[in-house]
Amino acid sequence: MLSPTVSSRQLPPLQNTPTQNTPKGPNPCPPSNLPANHFSSPSQLQQLHSHLIKSGRPLSTLPLSQVAAVCALSSPSAFSYARQIFHRAAHQPETVLWNSHLNSLASSAFPADALALFARLRRSDIAVDTFTLSFVLKACSKLSAVPLGRAVHGLVEKLGFHSDLFLLNTVLHMYASCGEMDIARLLFDKMPIRDVVTWNIMITQCTKVGEMDIARELFDSMPERSIRSWTALIAGYVQCRNPRQAIHLFHEMEAAGMRPNEVTVVAVLAACADLGALDLGRRVHGYSDQCGFQKNIRVCNTLIDMYIKCGCLEIARRVFDGMEVRSVVSWSAMIGGHAMHGHGEEALELFSRMTQAGFQPNAVTFVGLLHACSHMGLLEEGRRFFASMSRDYGISPEIEHYGCMVDLLSRAGLLEEAHEFVRNMPVEPNSVVWGALLGGARVHKSIKMGEEAIRHLSVLDPLNDGYYVVLSNIYADASRWEDVARMRRLMRDRGVKKTPGWSTVALDGVVHEFVAGESDHPQVEEIYRRWEELLEKLRHRGYVPDTSAVLLDMDDGEKEQVLYRHSEKLAVVFGLMSTPPGTPIRIMKNLRVCSDCHAALKMISEIADREIIVRDRNRFHCFRGGSCSCRDYW
DNA sequence: GTAGGGTTAG
């Protein structure tokens with residue numbers, strides 16, 4: 001096989017050694033004009049090598065990075081073979097060549113290969129430098145391989161690299177990203193020199209483990225901040241669901257004269273999505289386009305999500321349509337967005353377009369699809385998707401998918417089947433799953449199933465008032481007043497506090513917040529007066545207050561007064577009186593819209609001839625002309 | 001040839 005002109009001393013026998021990534025089948029004979037980069041196994045390299053020698057061409061025409069890639073993790077003999085080639089053909093030190101390949105392995109999807117190569121380098125006499133160690137540390141970080149990372153840290157000290165800031169930062173990042181914050185902190189504190197990267201590593205990793213106060217302290221005490229420092233902290237606030245703080249910091253950053261980059265933009269848009277802050281979202285969108293960020297797929301995905309969560313499905317669609325390259329995230333965001341807005345058919349349509357375009361759906365895609373089905377009562381479609389996800393796409397259902405199925409079945413009135421489904425789930429049902437069954441029990445007035453759900457919920461999530469309220473509503477529907485009173489006592493005895501309901505409505509960039517029963521808005525007098533006027537019209541059209549949602553020990557008249565102070569009613573009235581006719585009113589609410597408000601808002605949309613868009617904790621309700629986009633299926 | 005942010009569910 002080997003050319004006789006190549007001596008076996010120069011080239012160890014390789015033809016029978018196992019190789020990685022080698023195509024099966026016979027090795028092709030080297031054609032007379034074989035290109036110098038055509039080899040994918042050590043034996044093919046050997047053929048090429050002998051061919052070069054025969055044809056008198058220099059060895060330096062071999063692509064050396066390819067030599068490293070092909071020989072690094074094959075047999076030890078292939079490794080030595082590559083070294084021989086390097087010695088003869090390379091103009092740079094051998095360490096540099098191996099380092100380069102080590103880096104590509106560490107950056108690949110299989111960083112463990114980098115560790116294997118490092119082990120081989122250590123067994124040889126090849127010198128290790130600061131670059132070698134920083135690439136190995138990168139692989140350790142990705143694999144959370146702390147013991148090996150510690151050993152490499154030891155090597156850093158032993159080889160006298162302890163004053164190399166670049167390397168020390170990599171060591172710091174290794175400990176911190178593996179969750180070893182105590183070690184990272186000790187190292188940070190005794191580092192003789194630090195730079196902005198050092199601080200940024202600490203800030204980022206603190207935010208990752210939820211230590212926002214420490215992250216903030218570090219941020220405040222660092223000698224100079226880069227855009228990455230600001231971004232890391234903003235993204236941290238977004239991550240731990242503190243979007244207000246994120247936006248506050250963003251404004252501080254702008255005041256400090258820093259220019260947001262793509263990552264900053266993503267973080268701020270995510271905060272806008274969370275808060276429903278459409279005005280800021282739009283401004284950041286404009287800035288982002290000016291900077292040419294519209295080519296960035298993550299920026300676009302986050303824009304889509306922001307517009308969806310701010311109730312602007314059409315603008316989200318425009319961003320989506322304008323994308324040159326999309327990812328599964330773009331499609332999933334659109335599918336989930338349509339589900340949230342009650343456009344089940346469009347969600348399903350998007351899914352089929354997505355698969356036709358050759359995209360593989362992931363677990364999140366199916367959460368969106370199942371939501372679409374459950375929000376629209378598409379029972380059979382939902383069952384089909386659930387079966388299809390593991391069968392056709394190899395995606396194992398997670399707790400979210402089971403939750404969607406329980407929601408779907410129980411809303412459809414198949415409470416027994418839903419219960420059976422919960423009992424047979426291969427994962428432990430959580431409060432979302434039992435909560436879905438409870439919701440179905442409410443819709444279908446099943447005391448038995450409601451009690452079964454609460455039995456589990458009072459263990460899983462004992463302080464959540466919402467569940468007790470729902471069961472109490474079921475009792476109230478059946479006129480079981482002693483049980484209603486019992487629930488009230490139970491809540492009191494367990495110390496369950498009622499979550500105050502709030503709604504916000506944004507006008508000219510100012511967010512007005514209304515809290516149920518509270519009256520500290522400057523225009524409260526006028527709001528109440530306008531509500532009374534509206535109430536007259538509502539009554540005239542047959543509105544009857546539904547007091548079943550009021551879980552308080554009081555008479556019906558008092559209960560009505562409580563209902564009339566529900567935050568979304570106040571927000572709507574304020575929106576109506578503060579905007580010109582025809583302007584859509586956008587409201588955000590922290591809880592779900594109660595049945596009474598839902599009925600009232602439908603009528604108000606007709607009486608006032610306004611579109612009212614409410615984002616509640618579950619989904620969007622778009623009230624228009626007397627009906628709601630959820631088709632009362634929420 | 002080295003180090004530090006980011007997207008869809010919740």
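Here A/K309 reaches the OP1 or OP2 of B/dA9: one of its side-chain N or O atoms lies under 4.0 Å away. One finds no side-chain N or O of A/K138 lying less than 4.0 angstrom from the OP1 or OP2 phosphate oxygen of B/dT2. Remark: A/K142 is not in phosphate contact with B/dA3, judged by side-chain N or O atoms under 4.0 Å from OP1 or OP2. Proximity of A/H371 to the phosphate of B/dG10: a side-chain N or O atom is located under 4.0 Å from OP1 or OP2.
For the pair A/D305 CG and B/dG6 C1', the computed distance is 13 Å after rounding to whole Å. Separating the CG atom of A/N301 from the P atom of B/dG5 is a distance of 20 Å, rounded to the nearest angstrom. Across the protein-nucleic acid pair, A/M222 atom CE and B/dG4 atom P stand 15 Å apart, rounded to whole Å. Straight-line distance from the CG atom of A/L187 to the C1' atom of B/dA3: 13 Å, rounded to whole Å. The nearest whole Å value for the distance from the CD1 atom in A/I308 to the C1' atom in B/dG10 is 16 Å. Atom NE2 in A/H341 sits roughly 12 Å away from atom P in B/dA9 (whole-Å rounding). Here B/dT7 presents its P atom at 14 Å from CD of A/E262, a figure rounded to the nearest Å. If you measure from atom CZ of A/F188 to atom C1' of B/dA3, you get 15 Å, rounded to the nearest angstrom.
Here A/D195 lies in heavy-atom contact (under 4.0 Å) with a base. Counting non-hydrogen atoms under 4.0 angstrom, A/S226 reaches a base of the nucleic acid.
If you check the side chains of A/T264 and A/T231, you find a donor sitting under 3.5 Å from an acceptor. Inspection of the A/N590 and A/D616 side chains reveals no N or O donor paired with an N or O acceptor under 3.5 Å.
Taking only side-chain atoms of A/N103, from C-beta outward, the nucleotide of B/dT8, B/dT2, B/dG4 with the closest atom is B/dT2. Candidate nucleotides B/dT8, B/dG6, B/dG4 were compared by shortest atom distance to the side chain of A/V299, and B/dG6 ranks first. Comparing B/dG6, B/dG4, B/dT2 against the side chain of A/V196 picks out B/dG4 as the nearest. In the set B/dA3, B/dT8, B/dG4, the nucleotide with an atom closest to the side chain of A/R228 is B/dG4. Minimum atom distance to the side chain of A/R298 is reached by B/dT7, of the listed B/dT7, B/dT8, B/dA9. Distances from the side chain of A/N261 to the nucleotides B/dG5, B/dT7, B/dA9 place B/dG5 closest. Side-chain atoms of A/V263 lie closest to B/dG6 of the nucleotides B/dG6, B/dG10, B/dT8. Of the candidate nucleotides B/dA3, B/dA9, B/dT7, B/dA9 has the atom lying nearest to any side-chain atom of A/V364. Listed nucleotides B/dT2, B/dG4, B/dG6 differ in distance to A/S134; the shortest reach to its side chain belongs to B/dT2. Of the candidate nucleotides B/dG5, B/dA9, B/dG10, B/dG5 has the atom lying nearest to any side-chain atom of A/T231.
One donor-acceptor pair, N or O on each side, does fall under 3.5 Å between the base of B/dG6 and the side chain of A/N296. Put simply, the side chain of A/N200 and the base of B/dG5 share no donor and acceptor less than 3.5 Å apart. Within 3.5 Å, a donor on the side chain of A/S332 pairs with an acceptor on the base of B/dT8, or the reverse.
A/R298 has no carboxylate O lying under 4.0 Å from a charged side-chain N of A/D305, or vice versa, which leaves the two without a salt bridge.
When atom types are taken as modelled, the side chain of A/K142 and the backbone of A/S108 share a donor-acceptor pair closer than 3.5 angstrom.
Here the options are A/F188, A/F219, A/W230, the test is ring pair (Phe, Tyr, Trp, His ring centres under 6.0 Å), and the partner is A/W199; only A/F188 passes.
Counting heavy atoms from C-beta on, the side chains of A/F366 and A/P361 come closer than 4.5 Å.
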Inset, instruction - Take A/F351 and A/F385, measure what ring pair (Phe, Tyr, Trp, His ring centres under 6.0 Å) needs, and give me the verdict at the end. - result: CA-CA 11 Å; A/F351 179 70; A/F385 281 125; 5.4 Å; yes
